[in-house]
A.B. asks: 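Got a structure here, written out as structure tokens. Questions coming.
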There are 2 protein chains.
Amino acid sequence: MRILVVEDDVKIAADIAATLEAAGYVVDRETDGEEAWFRGDTEDYAAVVLDLGLPGMDGLAVLKRWRAEGRRLPVLVLSARGTWSERVEGIDAGADDYLPKPFHMDELLARLRAVIRRSAGHAAPALAAGPVRIDPRQMRVTVDGVPRALSPQEYRLLAYLMLHAGRVVPQQELAEHLQGAHDERESNAVEVLVGRVRRKLGADIIETRRGFGYLVAADAS
Amino acid sequence: MRILVVEDDVKIAADIAATLEAAGYVVDRETDGEEAWFRGDTEDYAAVVLDLGLPGMDGLAVLKRWRAEGRRLPVLVLSARGTWSERVEGIDAGADDYLPKPFHMDELLARLRAVIRRSAGHAAPALAAGPVRIDPRQMRVTVDGVPRALSPQEYRLLAYLMLHAGRVVPQQELAEHLQGAHDERESNAVEVLVGRVRRKLGADIIETRRGFGYLVAADAS
DNA sequence: CTTTCGGCGATGCTGCCGCGATGCGCCGCA
DNA sequence: TGCGGCGCATCGCGGCAGCATCGCCGAAAG
């Protein structure tokens, strides 16, 4: 398993590389954005660990360029400033997961494994839960094979819930994911959005856990 | 949610405490490093806000001592000297996040929430005692495999008792854990809650120790 | 301009949770 | 041995938080 680590801070890069190598991966290191893009484009990696603050070309730009070309290799984004808006930006740019600094190496390993496994399981990373299927590349949603039109926000809500299928997601986490700023409970935006998705896809897709959050059941298979 | 604030500057500590309490947390304050270590070691906090410059025992030493003992509670480190080397030092010592002074209270709140959520999602193993199982991801409780619906408070009560299975938990400790506002015994909230959990899960799950507290038996295996 | 989207306030409903009242069992005490 | 105090169980009720739904409107996109 080859992993590309893109990180300009030498000390952090060395730490990550040591950890990954101890876990049995083969690690290539890169510090410059442009160079990183080239290597990710021409060589074959099981995954990329990508820092956002880079010389040459910004990490987000590298990621977007890969995605624009159709490169679908798993990318785990690191960022020093773990604000939610940045996280949304990273995910929107096509990151498979996001890890805010500081992090524990154990967590990096766990998430990296998850990302690789996910990409290995289905080459086309389509999410499915019950009768609902999501094709993230086309941004299309089908229920029992019948396509349904969702607005961008509705799509993001559903995708986030299905990405975390089997887990109760607090409404505050949803609110932060959809629009980073607003923390205080001053609107019912999430509830309205859930209602709209339910009307379009069916009421039984998203389950309400009063006082906890919302839940999309994971496939029993 | 109980938070331990370790900060020797009285004014700053008061500010932080006021902010956290306004956000709904229950705050314990500590100024001495040695004392802070003891409280963090013996009591149950959702997170710790830890200043580095302390009398008695240095903040980093406190943190390292917790980690050396295997205490995994989330720690948010504050420091007046926001140098990068110090930050690395704090992270290496096992801090979950680092916040250089001066900071905005909003940012403290945001990071604290992130730290708590991360620890809740990651470090929550599935609990089991007798026929009762708790799935923290789905916030769901099953008895002999049959799911039972619990309200948030009921869930927290049961989770706390099962986390401390095999130990008699005083009801005052339960009351403080559920919501520390009410100091002295002026209500029977805990007793009512225990009764409701019993009615939903079975009377023999939670045992009463008159005059001492409540007990969930640990698995004999 | 038309249309869609997303946010907001209003309203109603369900069920959570706190509280007082009452009852029961255990203990100490005269 | 009867009595009263204490700790806990149980019940019912009311306030209100949490959520669903509706309708409106400004903004942005086509």
Side-chain angles (χ1 to χ4, degrees), chain A residues 85 88 92 139-141 147-161 168-216, chain B residues 1 23-24 26 139-141 148-161 168-216:
Chain A
S85 58
V88 170
D92 283 348
M139 301 257 266
R140 293 190 62 188
V141 178
R148 305 291 170 96
L150 290 190
S151 79
Q153 291 272 22
E154 292 160 4
Y155 177 84
R156 283 186 199 173
L157 178 89
L158 181 67
Y160 192 84
L161 283 174
V168 172
V169 181
Q171 330 106 328
Q172 186 179 330
E173 181 177 338
L174 286 173
E176 286 171 352
H177 174 249
L178 292 173
Q179 30 178 318
H182 295 257
D183 4 38
E184 299 307 320
R185 166 144 188 105
E186 69 195 21
S187 98
N188 59 355
V190 172
E191 287 137 24
V192 172
L193 218 53
V194 168
R196 286 181 177 140
V197 172
R198 278 184 177 142
R199 209 179 319 134
K200 289 184 177 178
L201 303 187
D204 50 348
I205 303 298
I206 301 176
E207 199 175 336
T208 300
R209 283 269 194 284
R210 187 173 263 256
F212 293 111
Y214 294 96
L215 168 67
V216 168
Chain B
M1 284 272 202
V26 181
M139 302 284 187
R140 187 170 266 166
V141 177
R148 306 290 169 94
L150 289 191
S151 79
Q153 296 265 1
E154 293 160 5
Y155 179 87
R156 282 183 212 123
L157 177 90
L158 181 67
Y160 191 84
L161 283 175
V168 175
V169 180
Q171 28 171 309
Q172 185 180 336
E173 181 179 339
L174 287 173
E176 284 173 1
H177 177 254
L178 292 175
Q179 39 179 309
H182 303 246
D183 315 77
E184 292 313 310
R185 168 162 185 86
E186 71 192 21
S187 93
N188 60 352
V190 172
E191 288 140 23
V192 172
L193 218 53
V194 168
R196 289 188 173 123
V197 173
R198 279 184 177 142
R199 192 150 34 85
K200 288 184 177 178
L201 303 187
D204 50 348
I205 303 297
I206 301 177
E207 203 173 331
T208 301
R209 288 272 190 273
R210 294 212 164 221
F212 295 103
Y214 295 96
L215 168 68
V216 167

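Proteins come first, then strands; the chains are lettered A, B, ... in the order of their sequence lines, and each starts at number 1.
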A.B. asks: Using heavy atoms and a sub-4.0 Å distance, could you list which residues of residues 198-210 of chain B are near DNA chain D? By number, please.
C.D. replies: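 Heavy-atom cutoff 4.0 Å gives R198(B), T208(B), R210(B).
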A.B. asks: Calculate the interatomic distance between R196(A) atom CZ and dT21(D) atom C1'; express it in whole Å.
C.D. replies: 11 Å
A.B. asks: Do any N or O atoms of the protein come closer than 3.5 Å to N or O atoms of nucleotides 20-22 of chain C, and which pairs are they?
C.D. replies:
unit_1, atom_1, unit_2, atom_2, d
dG20(C), O6, N188(B), ND2, 3.2
dA21(C), N6, N188(B), ND2, 3.4

A.B. asks: Just verifying a value: how many Å separate L201(A) CG and L158(A) CG, rounded to the nearest 0.5 Å?
C.D. replies: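 Output value for this atom pair is 6.0 Å.
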A.B. asks: Can you tell me how far apart CZ (F212(A)) and CZ (R140(B)) are? Round to the nearest 0.5 Å.
C.D. replies: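 Answer rounded to 0.5 Å: 11.0 Å.
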A.B. asks: Identify, with sequence neighbours excluded, every residue that meets ring-ring contact (aromatic ring centres under 6.0 Å, His included) alongside Y214(A).
C.D. replies: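 In terms of ring-ring contact (aromatic ring centres under 6.0 Å, His included), with neighbours along the sequence ignored, Y214(A) is linked to no residue.
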A.B. asks: Quick one: E154(B) CD to dG15(C) C1', roughly how many Å, whole number?
C.D. replies: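 The answer, rounded to whole Å, is 11 Å.
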A.B. asks: For R198(B), check side chain to side chain donor-acceptor pair (under 3.5 Å) against everything at least two apart and list the hits.
C.D. replies: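 Residues passing side chain to side chain donor-acceptor pair (under 3.5 Å) with R198(B): T208(B).
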A.B. asks: Only counting residues at least two apart or in another chain, list the ones meeting side-chain contact (heavy atoms from CB on, under 4.5 Å) with A159(A).
C.D. replies: I134(A), Y155(A)
A.B. asks: Does Y214(B) reach a base, just sugar-phosphate, or nothing at all? Heavy atoms under 4.0 Å.
C.D. replies: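 The residue Y214(B) makes sugar-phosphate contact but no base contact.
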A.B. asks: Starting from P on dG7(C), measure out to CG on L157(A) and report it in whole angstrom.
C.D. replies: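 Spelled out: CG on L157(A) to P on dG7(C) is 11 Å.
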A.B. asks: Given atom CD of Q153(A) and atom C1' of dT4(C), what is their separation to the nearest angstrom?
C.D. replies: 13 Å
A.B. asks: Which residue is it: I206(A), L215(A), V216(A), L161(A)? I am looking for the one with a side-chain contact (heavy atoms from CB on, under 4.5 Å) to V169(A).
C.D. replies: L161(A)
A.B. asks: Work out which heavy atom in R148(B) is nearest to a heavy atom in K200(B); give both atom names and the distance.
C.D. replies: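 That would be NH1-O, 2.7 Å.
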A.B. asks: Is any N or O donor-acceptor pair between the side chain of R156(A) and the base of dG6(C) shorter than 3.5 Å?
C.D. replies: no
A.B. asks: Just jot down the side chain to side chain donor-acceptor pair (under 3.5 Å) partners of E207(B), sequence neighbours excluded, or say none.
C.D. replies: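 Counting only residues at least two positions away or on another chain, E207(B) forms a side chain to side chain donor-acceptor pair (under 3.5 Å) with R209(B).
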A.B. asks: Specify the separation, in whole Å, of atom CD of E191(A) and atom C1' of dT21(D).
C.D. replies: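 From E191(A) CD to dT21(D) C1': 11 Å.
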A.B. asks: What pairs with R156(B) under side-chain contact (heavy atoms from CB on, under 4.5 Å), at least two apart in sequence or on another chain?
C.D. replies: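 side-chain contact (heavy atoms from CB on, under 4.5 Å) list for R156(B), sorted by chain: P152(B), Q153(B), L178(B).
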A.B. asks: Rounded to whole angstrom units, what separation is found between the CG atom of L215(B) and the C1' atom of dC8(D)?
C.D. replies: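 That distance rounds to 16 Å.
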A.B. asks: Can you tell me the distance, in whole Å, between the CD atom of Q171(A) and the P atom of dG7(C)?
C.D. replies: 16 Å
